[in-house]
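Structure first, then comments.
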Number of protein chains: 2
Amino acid sequence: MAEGMDKADLLDLHMLVEHVGPLRAGDHVFREGDAFEAIAAVRSGTVKTYTVDRDGHEHVLGFYFPGEVIGLDGIHGDRYPCNAVALDTVMLCRFSFPKISVLATQLPGLQKHLFRLLSRDIGRAALLAGDWTADQRMAAFLVGLSRRLAARGFSPNRFQLTMARTDIANYLRLAPETVSRVLRRFQQDRLLLVDRREVELLDRAQLDALAEPLLRD
Amino acid sequence: MAEGMDKADLLDLHMLVEHVGPLRAGDHVFREGDAFEAIAAVRSGTVKTYTVDRDGHEHVLGFYFPGEVIGLDGIHGDRYPCNAVALDTVMLCRFSFPKISVLATQLPGLQKHLFRLLSRDIGRAALLAGDWTADQRMAAFLVGLSRRLAARGFSPNRFQLTMARTDIANYLRLAPETVSRVLRRFQQDRLLLVDRREVELLDRAQLDALAEPLLRD
DNA sequence: CGTCGGGTTGACCTTCGTCAAAGGCAGTGG
DNA sequence: CCACTGCCTTTGACGAAGGTCAACCCGACG
């Protein structure tokens, strides 16, 4: 959902970086209502962000992989508006936000970069809005993961679903059973192979075609 | 969807206002791609904004009543990102955006006001996102209309649906037939009376209860 | 070996979209 | 004044998609 910092920016910033981790699965990076003082780039592992509504139901907002940035949605307040939790072993870099925003006023490239990161995160909402079918949502989710992982140097066709089925379902606003059934049917139709949390995309063209109406815009 | 300008702001601005109208039903205020040079406050009548996707399908974005402001979503580009069309006889005031934005740098209240208008418009998306039932969407639509009209001095319980059923359906992402059926059922259940485009809300408590999960946030 | 949490599967049912047809109001022209 | 026509709306019948419920499976771990 978020585009990472490139090498040049990391060089500019390496003096105000604080390395954090390793966090274990279930550890929180920050919680809703915590004072907003830093954003963080994932170095390894997967982070899930979510909120809990007043009925106690969890709402998964997004998943973040190495190179991606979490905490940006705290910018417009002094508190984080959501929780961030490690799904596996996670390493990250914290950037003090006061320091980075001062720096952004001096580095025009950095400010532009931050705005891009923000708007990228907003576009994520396209997955949720609209009345897409379960197949389209699932395909868009997988294609989106694949592209993001590929952009980070991972294999675009074989990867791990580090999040639970219930998290995927919650994120896509589907029932967990539906996620299970769609994956099974995709496998029957030779679109992919899935074994536990391991996925291999086979028919990329067809998955792209399914995902296209969600990912364009 | 947008909060209007209050009296004090109108006084501040009355020198750079251009009165437009009357427009007849079907006349366009602006079209997608037109150069963005002004925002406009509706003085009377109803305006619908919409886009047309590359498959030729219309997507209704919102409805605007007297006191509400259209064109704000053009701020981040030099072109309007959508069409705005009059649904009935419409009068409006155009505010040159270059002039207003210069003024905003001098009047702190105005700048804050513009930001509030913007964020209010963004919150509208809650109606579309989420997997709400047809009943919830319809109730939220009616309660939302009622509140906005009441804030402008109109009756909160009796009002005209100035837009076609197909527009309501498109906006709520429902089939027109579903809109028709939900309204009929609401009437059977004594939640409201509806005759053609005239609506009277009867059981406000129950409608509020239906709409509540959509309108809170 | 038992238990526990996540995942899968099947049966069922609700909701809503689609299709087709008919009703009603408005504007037009005879 | 009255057909005629076109558009919006309603209504009914039907079907597909996906949620719910319940049971079962299976790998992990004590």
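Model, not experiment: these values are computed from the prediction. Throughout, a chain's letter reflects where its sequence line sits, starting with A, and its residues are numbered from 1.
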Inset, instruction - Evaluate the side-chain proximity of A:N170 to A:E58: yes if any heavy-atom separation is below 4.5 Å, no if none is. - result: yes

Inset, instruction - Mind telling me whether A:F141 and A:Y171 have parallel, tilted or perpendicular rings, with 30° and 60° as the class edges? - result: tilted

Inset, instruction - Could you tell me the separation between the CD atom of B:Q187 and the P atom of D:dT10, rounded to a whole number of Å? - result: 10 Å

Legend entry - Nearest to side-chain heavy atoms of B:R184, which nucleotide of D:dC8, D:dT11, D:dT10: D:dT11

Please list every donor-acceptor pair under 3.5 Å in which a side-chain atom of residues 90-98 of chain A meets a protein atom from a residue at least two apart or in another chain.
residue : atom : partner : partner atom : Å
A:R94   : NE   : A:E18   : OE1          : 3.2
A:S96   : OG   : A:K99   : N            : 3.3

Legend entry - A:R148 side chain near A:R152 side chain, heavy-atom distance below 4.5 Å: no

Legend entry - Between CE on residue B:M138 and CG on residue B:L183, distance to nearest 0.5 Å: 4.5 Å

Please list each protein N or O that sits under 3.5 Å from an N or O in nucleotides 18-20 of chain D, with the distance.
residue : atom : partner : partner atom : Å
D:dG18  : OP1  : A:A134  : N            : 2.5
D:dG19  : OP2  : A:A175  : N            : 3.1
D:dG19  : OP2  : A:T178  : OG1          : 2.6
D:dT20  : O4   : A:R181  : NH2          : 2.8

Inset, instruction - Flag the pair B:D135 and B:R185 as a salt bridge only when some basic side-chain nitrogen lies within less than 4.0 angstrom of an acidic carboxylate oxygen. - result: yes

Legend entry - Any side-chain heavy-atom pair of B:V143 and B:R204 under 4.5 Å: yes

Inset, instruction - Take the C1' atoms of the five end pairs on each side of the helix from C:dC1-D:dG30 to C:dG30-D:dC1, derive the two axes, and give their angle rounded to 10 degrees. - result: 20°

Legend entry - Reported CG-to-CG distance for the pair A:L202 and A:L193, which is rounded to 0.5 angstrom: 4.5 Å

Mind listing the N/O atom pairs, protein and nucleotides 25-29 of chain D, below 3.5 Å?
none

Inset, instruction - Name the first nucleotide and the last nucleotide along DNA chain C (5' to 3') that come under 4.0 Å of a heavy atom in chain B. - result: C:dC16 to C:dC25

Inset, instruction - Would you indicate, yes or no, if D:dT9 has its OP1 or OP2 atom less than 4.0 angstrom from a side-chain nitrogen or oxygen of B:R197? - result: yes

Inset, instruction - Using side-chain contact (heavy atoms from CB on, under 4.5 Å) as the criterion, point out the one residue from B:L23, B:V20, B:N83 that pairs with B:V29. - result: B:L23

Legend entry - Donor-acceptor side-chain pairing of B:D53 and B:H59 below 3.5 angstrom: yes

Legend entry - Side-chain heavy atoms of B:R173 within contact of B:R137, under 4.5 Å: yes

For residues 160-168 of chain A, tabulate all N or O donor-acceptor pairs below 3.5 Å that involve a side-chain atom, not counting sequence neighbours.
residue : atom : partner : partner atom : Å
A:Q160  : NE2  : A:E198  : OE1          : 2.4
A:T162  : OG1  : A:T46   : OG1          : 2.8
A:R165  : NH2  : A:R196  : O            : 2.7
A:D167  : OD1  : A:K48   : NZ           : 3.1

